There are 2 protein chains.
Amino acid sequence: MALMLKDVYTRLLERGHKLTPQRWAIIAIFLMNRGRHLSADDVFAMLRETHPSNGIATVYRTLELLEEIEVLKKVDFGDGRARYEIRDDDSPHHHHLVCQKCGKITEFEDDLLIALEEAIHRKTGFQITEHVAKFYGVCAECQQAAESASG
Amino acid sequence: MALMLKDVYTRLLERGHKLTPQRWAIIAIFLMNRGRHLSADDVFAMLRETHPSNGIATVYRTLELLEEIEVLKKVDFGDGRARYEIRDDDSPHHHHLVCQKCGKITEFEDDLLIALEEAIHRKTGFQITEHVAKFYGVCAECQQAAESASG
DNA sequence: ATCGTTGCAAAGTCTTTGCATGAAA
DNA sequence: TTTCATGCAAAGACTTTGCAACGAT
């Protein structure tokens with residue numbers, strides 16, 4: 001099931017947190033931007049459009065909270081800032097394809113790494129909790145753009 | 001072939017760089033710590049033992065330079081600081097296993113991700129240049145320590 | 001003698017924190 | 001009314017940069 005506002009509300013209350021307008025707004029931003037990977041500053045900029053008085057500290061604190069209650073997942077694409085995506089049961093296992101030309105991030109579903117996890121555990125005894133796989137390169141659109149530009 | 005001081009020296013001169021004592025010392029630190037993943041601060045601390053007057057800025061600049069000439073590879077384990085490892089032809093393709101208890105980083109050689117790269121390219125058209133895979137969990141030693149501690 | 005390199009300190013970026021005010025429950 | 005959340009500004013962590021002095025070639 002896709003994550004909805006009601007679910008987030010429930011999780012907040014369960015753990016004794018309050019649903020403030022600021023949190024409401026930040027959650028809404030993520031729900032309206034499914035599939036995107038927003039940095040604190042992205043969220044802050046979007047938030048400012050409707051809540052101009054909101055501070056960046058609240059954004060950071062809210063992102064941390066939403067990660068804690070497993071609404072968001074923190075991802076790191078090595079660009080020096082943390083990004084967040086919705087933790088949605090609909091797309092449980094995916095890797096990220098990062099286009100080095102346009103910066104677009106695509107998701108790719110696959111379970112091949114589970115086999116790899118098993119191999120690692122068998123060979124090394126390492127007990128894996130989580131894995132992260134990222135692929136860097138050029139997306140199909142940017143390749144086409146480059147081709148038509150060069151002739 | 002394992003990377004040696006001579007190779008680094010050659011690459012430096014080829015591109016018009018100088019081999020200063022500071023650079024020499026930093027390269028030596030990496031050559032003497034093959035398999036480790038050192039942060040700028042790690043290097044700085046080790047460097048201070050022999051070169052107390054050396055500044056951290058030089059460390060950062062040298063790491064950047066060594067990455068440029070493909071002697072080092074920058075890796076990011078999500079702990080808020082960049083780490084560097086030797087780019088050695090001897091262990092070309094490996095993933096990192098990060099122990100969440102003791103912080104130890106182990107390398108694991110495997111080519112399974114190349115198959116995955118091909119699948120991604122076939123399905124999405126994405127042209128992959130590089131991939132990064134990291135596995136987080138608990139290493140065998142920490143598991144044993146936990147077992148013997150609890151009973 | 002040149003021209004790249006160093007060390008220092010200042011600045012930059014992202015993120016966290018202290019504290020008094022404010023507001024959800 | 002209680003308790004948690006907010007906004008602001010200051011501080012923190014890591015990294016980069018400007019600049020004058022320095023040193024490898």
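In what follows, chains are A, B, ... by sequence order, proteins preceding strands, each numbered from 1. All values derive from a computational prediction rather than experimental measurement.
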_Tell me whether the side-chain N/O atoms of A:Asn54 come closer than 4.0 Å to OP1 or OP2 in D:dG7._
yes
*Report the distance from atom CD1 of A:Ile26 to atom P of D:dG7, rounded to the nearest whole Å.*
9 Å
*Take atom CG of A:Leu19 and atom P of D:dC4, then tell me their distance rounded to the nearest Å.*
16 Å
*How close or far is atom P of D:dA5 from atom CD of A:Glu64, stated in whole angstroms?*
12 Å
*Do B:His131 and B:Glu117 meet the criterion of a side-chain donor-acceptor pair at a distance under 3.5 Å?*
yes
*Rounding to a whole Å, what distance do you find between A:Ile27:CD1 and D:dA5:C1'?*
14 Å
*Starting at CG of B:Asp41 and ending at P of D:dG12, how long is that distance when rounded to a whole Å?*
16 Å
*Looking for any heavy atom pair under 4.0 Å, which part of the strands does B:Ser53 touch: base, sugar-phosphate only, or nothing?*
sugar-phosphate
*How close or far is atom C1' of D:dC8 from atom CZ of A:Arg48, stated in whole angstroms?*
11 Å
*Looking across every strand, which nucleic acid part, if any, lies under 4.0 Å from A:Arg23 by heavy atom: base, sugar-phosphate, or nothing?*
sugar-phosphate
*Considering just the side-chain nitrogens and oxygens of B:Thr20, establish if one lies under 4.0 Å of OP1 or OP2 belonging to D:dG23.*
no
*Mapping A:Thr62 and B:Ala57 to their closest nucleotides on DNA chain D, which lands nearer the 5' end?*
A:Thr62
*Given D:dA24, D:dC14, C:dA23, which nucleotide is nearest the side-chain atoms of A:Lys18?*
C:dA23
*Salt bridge or not for B:Arg83 and B:Asp42, using N-O below 4.0 Å?*
yes
*For the pair made of CG in B:Leu65 and C1' in D:dT16, what is the distance, rounded to whole Å?*
15 Å
*Sugar-phosphate only, base, or nothing, as touched by A:Ile56 at under 4.0 Å among non-hydrogen atoms*: nothing
_Ionic contact status for B:Arg11 with B:Glu68, cut-off 4.0 Å_ = no
*Closer than 4.0 Å, any side-chain N/O of B:Tyr60 to the OP1 or OP2 of D:dT16?*
no
*Residue A:Arg81, side-chain heavy atoms: nucleotide from C:dT15, C:dC14, D:dT6 that is nearest*: C:dC14
*Do B:Glu107 and B:His95 have side-chain N/O donor and acceptor atoms under 3.5 Å apart?*
no
*Shortest non-hydrogen contact between A:Thr58 and A:Gln22, atoms and distance*: CG2-CB, 4.1 Å
_Gap between atoms CZ and P, on B:Arg15 and C:dC3 respectively (whole Å)_ = 22 Å
_Under 4.0 Å from OP1 or OP2 of D:dG7: is there any side-chain N or O of A:Gln22 that close?_
yes
*Hey, is the side chain of B:Arg61 pairing donor to acceptor with the base of C:dG4 inside 3.5 Å?*
no
_Between A:His17 and D:dA5, is there a contact of a side-chain N or O with OP1 or OP2 at under 4.0 Å?_
yes
